[in-house]
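What follows is a set of notes on a single structure, which appears directly below.
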Amino acid sequence: CDALARLQPGAAGPIAQRALVLVQQRQFPAALEASDRAIATDRGYPLGWATRAAALSGLLRHAEAEAAAREYLRLEPD
């Protein structure tokens with residue numbers, strides 16, 4: 001199933017999970033760096049975009065956060 005294949009994290013998974021932890025700890029600059037690394041590793045991995053959106057929102061960069069959230073929604077399977 002193609003949708004299932006998109007959920008498999010590959011190399012981007014651990015990086016994006018680290019970014020998620022950093023967002024939860026409210027360390028937004030570090031979370032943004034980690035999410036950017038996850039996206040650079042695999043642009044099609046939705047969690048990288050979700051954590052980027054959360055980090056940008058935490059940094060009050062709402063227009064960029066909205067664009068990242070749109071990319072996440074585009075990639076996230078039903």
The criterion is side-chain contact (heavy atoms from CB on, under 4.5 Å); which residues satisfy it with A55, sequence neighbours excluded? V23, A31, L32

How close do L22 and A34 get, heavy atom to heavy atom, and via which atoms? CD1-CB, 4.3 Å

Smallest heavy-atom separation, A12 atom then T41 atom, equals N-CG2, 3.8 Å

Looking at every heavy atom in both Y45 and A16, which two are closest together, and how far apart are they? CE2-CB, 3.8 Å

If I take atom CZ from residue F28 and atom CD from residue E33, how far apart are they, to the nearest 0.5 angstrom? 14.5 Å

If a pair satisfies salt bridge (charged side-chain N to carboxylate O under 4.0 Å, His left out) and one of its residues is in residues 14-28, list it, with sequence neighbours excluded. none

Indicate if L75 and Y72 have the same hydrophobic cluster label, given that clusters are the connected sets of ILVMFWY residues with side-chain heavy-atom separations under 4.5 angstrom. yes

Under the rule for side chain to side chain donor-acceptor pair (under 3.5 Å), what residues qualify as partners of Q24, not counting sequence neighbours? none

Contacts of type side-chain contact (heavy atoms from CB on, under 4.5 Å), residue A69, not counting sequence neighbours: A53

Atom of I39, atom of G48 and distance for their closest heavy-atom approach: CD1-O, 3.6 Å

What's in the same ILVMFWY side-chain cluster as L20, cut-off under 4.5 Å, chained through other members? none

Residue pairs passing the salt bridge (charged side-chain N to carboxylate O under 4.0 Å, His left out) test where at least one lies in residues 43-64, sequence neighbours excluded: D36-R52, R61-E64

